[in-house]
Amino acid sequence: MTLRTAVAQGAELLGKAGVAEARLTAELLLCHAVHCERVYLYAHPEQELREVEWIHYGRWLHERMQGKPLQYITKTQEFYGRAFAVSPDVLIPRAETELLVETVLARGKGAGRMVDVGTGSGAIAITLALETRARVVATDISTAAIAVARGNAARLGAAPRVEFVVGDLLAAVAAESQDAVVSNPPYVAEADKETLQSEVRDWEPARALFAGANGLDVYRRLVPEAWRVLKPGGLLAMELGFGQAEAVAELVSEWGHVEVAKDLAGIGRVLSCVKGLYPFRVQDSRGLEEVQSHGITASS
Ligand code: GLN
């Protein structure tokens, strides 16, 4: 069996099973089995698969056909240009979440201390530690997730500047100690469970996804806790689920300088605001519409 034939057969199997992007997925699984880059498949189409490669490839095709997400098979996902290890203990980092990082980089310039709440794989905390000079605390309620995140920090050279804490939200963080609080919290409404992609619903950790009947439960607890740990003038930045911008903006009505950044799909994806009594207090005459026009637009 050659690489070319293996891709063709794998793509056909995946396609018949209704897997999206069947050919790309087959190529990526084959690369994982052969330990090569994708371009290698095109440079050496006549190369014969070794038996062990064929066995691995076959097993992984089967797993993907059963619905297991590609990233849990290859155990990796790229985020902000770096490869993060993932396991079913953590949410697979999403491209939209890069907008959260960009928001913090743009609005949190000079922040020396940041905390990432619900860090999962550590993608946000580690990226911020590597892209800035900040010291970052990363918390998660899941011990298993923190273990994944610690491994990523070590592999990516961020370990000295990220401190990992197992605990609920900001319980372990001292009052008025932080310049920025960042979070991609669980925000999916229980009511939307049935409409989620089965890959997400059946494979990703429920604790990282769901937040009560309308998806707002974690924001409700996080906002006052963030106020407690931030220094005056500190930044709070949170990822939003579809259609949640107004409800979350209401939760931060006491905060200053509220902005909602839209993702590439035009969805209000990141809300950020300042623990500020000055100078940017949002006036009540300014509606959310106008505030949104100050939002940043994703560029990648
Ligand atoms: N963005 C995830 C999804 O695709 C949800 C992540 C979250 O709840 N923070 O459903």
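Just so you know, ligand 1 is whichever comes first in the structure, and atom 1 is the first atom listed for that ligand. Atom set for the values below is all heavy atoms of this structure, side chains included, hydrogens, waters and symmetry mates excluded.
Contact detail for Tyr187 and Glu239: the closest heavy-atom pair is OH-OE2, 2.7 Å. Of all heavy-atom pairs spanning Leu235 and Ser272, the tightest one is CD1-CB, 4.2 Å. Of all heavy-atom pairs between Thr132 and Arg161, the closest is O-NH1, 3.2 Å.
Closest protein heavy atom to atom 1 (N) of ligand 1: Tyr187 OH, 3.0 Å.
For atom 7 (C) of ligand 1, the choice among Ala189, Pro185, Ala95 with the nearest heavy atom turns out to be Pro185.
Residue contact annotation: Ala211 has no non-hydrogen atom under 4.0 Å from ligand 1.
A donor and an acceptor atom, one from each side chain of Glu27 and Tyr42, are located under 3.5 Å apart.
Against a heavy-atom cut-off of under 4.0 Å, Asn184 is close to the following atoms of ligand 1: 7 (C), 9 (N). The atoms of ligand 1 that sit less than 4.0 Å from any heavy atom of Leu91 are 6 (C). The distance from ligand 1 to the heavy atoms of Ala208 drops below 4.0 Å at these ligand atoms: 7 (C), 8 (O).
Each of Lys231, Arg113, Arg107 was checked for a salt bridge (charged side-chain N to carboxylate O under 4.0 Å, His left out) with Asp179, and the lone residue meeting it is Lys231.
Remark: ligand 1 and Pro186 share no N or O pair separated by less than 3.5 Å (distance only, no angle test). For ligand 1, one of its N or O atoms has an N or O atom of Arg94 under 3.5 Å away.
A salt bridge is defined here as a Lys NZ or Arg NE, NH1 or NH2 lying under 4.0 Å from an Asp or Glu carboxylate O, and Arg269 with Glu98 fails to meet this definition.
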